[in-house]
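Side chains included, hydrogens not; waters and symmetry mates left out as well; all remaining heavy atoms used. First listed ligand is number 1; within each ligand, the first listed atom is number 1.
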Amino acid sequence: MVDTISADTVVSIHYTLRGEDQKVLDSAEGADPLMYLHGHGQIIPGLEKQLAGKKIGDSVKAEVAPAEGYGEFDEGLILSLERNQFPKDAKLEMGVMFELAGPQNETLVVRVTKIEADSIEVDGNHPLAGKKLFFDVSVVALRPATKEEITHGHAHGPGGHHH
Ligand code: ZN
């Protein structure tokens with residue numbers, strides 16, 4: 001039995017995420033609850049921190065600053081590429097996502113943000129980077145994680161990770 005949210009607890013939540021303008025950005029309302037393994041960085045740090053110690057049935061209003069959410073907006077991640085740097089058959093449309101090799105050969109996921117005659121501007125920031133986030137969360141279920149889940153670093157089963 002687990003009474004409160006702490007490390008290695010599998011937590012099921014319903015949540016609604018709003019931006020500063022109160023517009024809904026993401027919601028699991030009406031869907032299966034989101035299930036995650038607490039203390040393993042599966043959800044953004046600012047939300048994880050504010051859920052610690054909560055119980056089943058608790059409602060949590062969590063305000064998360066960009067630094068503890070999807071990061072500050074980084075101008076350096078806006079890149080101007082030449083059209084010929086993309087594969088010939090690439091679908092170059094606004095909002096389309098591509099994977100690029102970053103400076104350290106890491107994978108950088110970018111979105112097309114501007115299309116010009118021979119240059120394409122892409123943005124490697126998370127769409128929610130630089131945004132203050134407002135979560136309404138209700139805690140639906142708690143259970144201790146299995147050894148396997150702790151080793152994998154995620155929750156298994158409906159609403160969690162499938163292999
Ligand atoms: Zn797994």
message: Looking at Lys131 and Glu20, is any side-chain nitrogen of the basic one under 4.0 Å from a carboxylate oxygen of the acidic one?
response: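 Looking at Glu20 and Lys131, the cut-off is not met.
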message: What I want to find out is whether Arg18 reaches Asp136 closely enough, with some N-O distance under 4.0 Å, to be called a salt bridge.
response: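 Yes, charged N to carboxylate O under 4.0 Å.
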If the condition is salt bridge (charged side-chain N to carboxylate O under 4.0 Å, His left out), which residues does [X] pass it with, not counting sequence neighbours?
X      : result
Glu48  : none
Arg143 : Glu149
Glu63  : Lys132

task: Could you count the protein N, O or S atoms found under 2.8 Å away from the Zn ion (ligand 1)?
output: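 Considering protein N, O and S only, the Zn ion (ligand 1) has 4 within range.
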message: Could you check whether His40 and His152, counting side-chain N and O atoms only, form a donor-acceptor pair closer than 3.5 Å?
response: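 There is no such pair (donor and acceptor under 3.5 Å, judged by atom type) between the side chains of His152 and His40.
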